A.B. asks: 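Take this structure first; my questions come after.
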Amino acid sequence: MLVLGIETSCDETGVALVETATAGAAGTADAAGEAAASGLPRLLAHALHSQAAMHEAYGGVVPELASRDHVRRIVPLLREVLAQAGRTLAQVDLVAYTQGPGLAGALLVGAGVAEALGVALQRPTLPVHHLEGHLLSPFLAEPPPRFPFLALLVSGGHTQLMRVDGVGRYALLGETIDDAAGEAFDKSAKLLGLGYPGGPALARLAEAGRDDAVPLPRPLLHSGDLDFSFAGLKTAVMTRLRGFGPAPSEAQRADLAASAQAAIVDVLLAKTLRALKEGGLSRLVVAGGVGANRRLRQQLDAAAQRRGFAVHYPPLDLCTDNGAMIAMAAAMRVQAGLAQPQRSGSFEVRPRWPLDRV
Ligand code: KG4
Ligand code: ZN
């Protein structure tokens, strides 16, 4: 089965093709080999356009600009993916797209294109939950994780710990009560005058700074539960920055960036270790844009070595939003017998949609 995945929930247009080795019209001998061994769908091609440069001037995503840019990019990306994979549209068996959560206008572009393709090609479509895409994206890496595992979902809009017992079997253990970890990175970066998206920019500046140079709070570190709170951290960063006076030196800015990153990572690490222990789990999956953060990865890897648990990440280029994770989640849901692809032509998007209600 050849699955086309379309992602347009925020500021990245992503298109991808995955193939399952199981029954389906377009299966070929080459795809059957590797993927059949694991039974997992195989990524054939993916293409991505990031709008980061366009939104940078505004310091954040401008929803209307995002929607318009998705319209411009989606068909060229689709052509690119088909060419890369050496397939034609007629070979596509299922069209999957992000239904939510995300920006309503942006979601509508992907959903509209996907449903139109479904009608034109007379193929079924499947709406996918964006976070389920992130959650299952480590199955695009080698070696893939095994169920059950703990998932740390850290994106621009979400910070969640979930117990995952199988495809579609997600139990929320804890989440942020205010800002997401990605937001904490983005807002701290903005205060420091760095570009958008702030996470990678702050991480780069932090490389020149000292992690313990500026005292910052570790919110909810000892709260005894698995919830997070990052809003206060942003305020603390602002206060410390003001303390440096009107013209902070490059070294002071780097120290503050390093200290903010350390504070965010410390809390993510502590809660993750707590969740692994409480749940008796020995496998961790890290997904979402912040999962690309080098310090977070180093700390989790070191803890994994010490404590003997396994950590799985998506491939680095598939940590942030992309079409591959959407195609993968759709294919895995179909394989698990959880999804009924439909030929409807009508659709709705779900800008707000909790993952434990898929
Ligand atoms: O998953 P994602 O691409 O989009 C959402 O679904 O939100 O995550 C984007 C978030 C942004 O907040 C971005 O600043 C953050 O991930 N991010 C990072 C890094 N790369 C992306 N944060 C810290 N360090 C990074 N290297
Ligand atoms: Zn995302």
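Side-chain atoms are counted along with the backbone in the values below, which use heavy atoms only and exclude waters and symmetry mates. Each ligand, and each atom within it, is numbered from 1 in the order the structure gives. Please read these numbers as outputs of a predicted model, since none were measured by experiment.
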A.B. asks: Specify the protein heavy atom at minimum distance from atom 11 (C) of ligand 1: its residue, its atom name, and the distance to 0.1 Å.
C.D. replies: Asp186 OD2, 3.5 Å

A.B. asks: Assess Cys10: does it contribute an N, O or S atom lying under 2.8 Å from the Zn ion (ligand 2)?
C.D. replies: no

A.B. asks: Please state which protein non-hydrogen atom is closest to atom 21 (C) of ligand 1 and give its distance, to 0.1 Å?
C.D. replies: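 Answer, as residue, atom name and distance: Gly289 O, 3.3 Å.
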
A.B. asks: Check each heavy atom of His130 against ligand 1 and say whether those closer than 4.0 Å belong to the side chain, the backbone, both or neither.
C.D. replies: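 Contact part for His130 vs ligand 1: side chain (C-beta onward).
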
A.B. asks: State whether the number of non-hydrogen atoms from other residues, nucleotides or ligands found under 6.0 Å of Arg294 atom CZ is greater than 12.
C.D. replies: no

A.B. asks: How about His134: does one of its N, O or S atoms come closer than 2.8 Å to the Zn ion (ligand 2)?
C.D. replies: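 Yes.
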
A.B. asks: List the closest protein heavy-atom neighbour of atom 2 (P) of ligand 1: residue, atom name, distance to the nearest 0.1 Å.
C.D. replies: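 Answer for atom 2 (P) of ligand 1: Asp321 OD1, 3.4 Å.
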
A.B. asks: Report yes or no: do His70 and Asp11 form a side-chain donor-acceptor pair below 3.5 Å?
C.D. replies: no

A.B. asks: For ligand 1 and Thr320, I'd like to know whether there is a polar contact (N/O to N/O, distance under 3.5 Å).
C.D. replies: no

A.B. asks: Just jot down the ligand 1 atoms closer than 4.0 angstrom to any heavy atom of Gly182, in number order.
C.D. replies: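 What qualifies from ligand 1 is 12 (O).
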
A.B. asks: Using the ring of each side chain (for Trp, its six-membered ring), is Phe147 parallel, tilted or perpendicular to Phe139, with breaks at 30° and 60°?
C.D. replies: tilted

A.B. asks: Looking only at N, O or S atoms, which one in Asp321 sits nearest to the Zn ion (ligand 2)?
C.D. replies: OD1

A.B. asks: Please determine whether any non-hydrogen atom of Cys10 lies less than 4.0 Å from an atom of ligand 1.
C.D. replies: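 So Cys10 does not count as touching ligand 1.
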
A.B. asks: Of all the heavy-atom pairs spanning Leu296 and Gly291, show the shortest one and how long it is.
C.D. replies: CD2-CA, 4.4 Å

A.B. asks: What is the nearest protein non-hydrogen atom to atom 22 (N) of ligand 1, stated with its residue, atom name and distance?
C.D. replies: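 Result for atom 22 (N) of ligand 1: Gly199 CA, 3.4 Å.
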
A.B. asks: Between His134 and ligand 1, which part of the residue brings a heavy atom under 4.0 Å of the ligand: side chain, backbone, both or neither?
C.D. replies: side chain

A.B. asks: Tell me whether Arg218 at atom CZ has more than 12 heavy atoms from other residues, nucleotides or ligands lying less than 6.0 Å away.
C.D. replies: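 Correct, the count exceeds 12.
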
A.B. asks: Could you list the atoms of ligand 1 found under 4.0 angstrom from a heavy atom of Ala292?
C.D. replies: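 This gives 26 (N) as the contact atoms.
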
A.B. asks: Identify the two heavy atoms, one from Asp225 and one from Arg274, that lie closest to each other, and give their separation to 0.1 Å.
C.D. replies: O-CD, 3.9 Å

A.B. asks: Could you list the residues that satisfy side-chain contact (heavy atoms from CB on, under 4.5 Å) with Pro138, not counting sequence neighbours?
C.D. replies: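 Pro138 satisfies side-chain contact (heavy atoms from CB on, under 4.5 Å) with Pro145, Val285, His312, Pro314 once adjacent residues are dropped.
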
A.B. asks: Considering non-hydrogen atoms only, spot the tightest contact between Ala85 and Leu44 and give its length.
C.D. replies: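 So the minimum-distance heavy-atom pair works out to CB-CB, 4.1 Å.
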
A.B. asks: Taking atom 15 (C) of ligand 1 as the point of reference, which of Leu316, Leu296, Leu202, Val290 owns the nearest heavy atom?
C.D. replies: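 Ranked by closest heavy atom to atom 15 (C) of ligand 1, first place is Val290.
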
A.B. asks: For ligand 1, which part of Asn293 has a heavy atom less than 4.0 Å away: the side chain, the backbone, both, or neither?
C.D. replies: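 Near ligand 1, Asn293 shows its backbone as well as its side chain.
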
A.B. asks: A cation-pi test, strictly: NZ or CZ of Arg163 under 6.0 Å from the centre of the six-membered ring of Tyr170 and no more than 45 degrees from its axis. Yes or no?
C.D. replies: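 Pair Arg163/Tyr170 does not count as cation-pi.
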
A.B. asks: Under 3.5 Å, is there a donor-acceptor pair between the Asn293 and Gln261 side chains?
C.D. replies: yes

A.B. asks: Which ligand 1 atoms, with their elements, are less than 4.0 angstrom from a heavy-atom of Gly157?
C.D. replies: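 Every atom of ligand 1 under 4.0 Å from some heavy atom of Gly157: 7 (O).
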
A.B. asks: Identify the two heavy atoms, one from Ala114 and one from Tyr97, that lie closest to each other, and give their separation to 0.1 Å.
C.D. replies: CB-CD2, 3.3 Å

A.B. asks: Look at atom 7 (O) of ligand 1 and say which protein heavy atom is nearest, naming residue and atom and giving the distance to 0.1 Å.
C.D. replies: Gly156 N, 2.7 Å

